[in-house]
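Note: hydrogens, waters and symmetry copies are ignored here, and every other heavy atom, side chains too, is used.
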Amino acid sequence: VRLEAGRKSGQKLRVTPGDHFTKACYEELVALMGAGAPFEPAKGRTRVLMMLGLQGTGKTSTCAKLARNLKKQGEKPLLVAADVRRPAAREQLRVLGEKVGIEVFTREGDDAPAICAEAVAYARANHFNTVILDTAGRLQIDDELMVELEQICDLPQFPDGAEGLLTALLCAIETAKTDKEKLLLQ
């Protein structure tokens, strides 16, 4: 199947069965959860967003994209490298943060809840209004990793708990939409 789309008139892009599947999943999620609305500005508070999802679904890249979009809306976001399991995760987030002009909080160690707590304290002291926690991806329900997420959400710095962004499929959808210049699949 070929479809006329893209920035240049007449540019043809190939639509794969995977694209149709992605579109169907996206439509079902929108029907189930409702259409997305932009974040309300974090007025007078430090909003904490915790990125969750399966390994390899684009959480780290999505964190940087989200931070970039929040910055464009006048927010002052801080990216936090809280994935202590994947060897290159901290460096990937640092590079992406540099690319989009967003500060990245990171430190050595393998205690993700402690890193998150320090990052939120740093964000408040330095007037960041949105903190985006890039947590470790999961392959399956892993008791140790689930406990880690609970410990992060239960930190005293998060009086209302962290606003979790569930991304297992959503990250893949957003990445596909961006990569295909938001194709209109029909």
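Here the closest heavy-atom approach between residue Ala81 and residue Ile115 is recorded as O-CG2, 3.9 Å. Closest heavy-atom contact between Cys63 and Leu93: CB-CD1, 4.4 Å. Contact record, Ala119 with Leu78: O-CD2, 3.8 Å, taken as the closest heavy-atom pair. Among all heavy-atom pairs drawn from Ala123 and Thr46, the shortest one is CB-CG2, 4.3 Å. Shortest non-hydrogen contact noted between Pro77 and Leu70 is CG-CB, 4.4 Å. Smallest separation of non-hydrogen atoms from Ala82 and Ala112: O-CB, 3.6 Å.
Considering only heavy atoms from C-beta on, Arg86 comes within 4.5 Å of Thr60 through its side chain. With a 4.5 Å cut-off on side-chain heavy atoms, Lys71 and Ile102 count as touching. Looking only at side-chain heavy atoms (C-beta outward), Leu66 and Ile132 come within less than 4.5 Å of each other. Residues Val131 and Leu133 have side chains in contact (heavy-atom distance under 4.5 Å, counting atoms from C-beta outward).
Using a cutoff of 4.0 Å between basic side-chain nitrogens and carboxylate oxygens, Arg90 and Glu108 are scored as salt-bridged.
Within the structure, ring pair (Phe, Tyr, Trp, His ring centres under 6.0 Å) contacts touching residues 72-114 (residues at least two apart or in different chains) are Phe105-Tyr122.
Not counting sequence neighbours, the partners of Arg94 by the salt bridge (charged side-chain N to carboxylate O under 4.0 Å, His left out) test are Glu91, Glu98.
Side chain of Asn129 to backbone of Lys76: a donor-acceptor contact under 3.5 angstrom is found. No donor-acceptor pair under 3.5 Å is formed between the side chain of Thr130 and the backbone N or O of Arg47.
With hydrogens and angles left out, the side-chain atoms of Thr16 and Asp19 include a donor and acceptor closer than 3.5 Å.
How far CG of Asp134 is from CG of Leu96: 9.0 Å, rounded to the nearest 0.5 Å.
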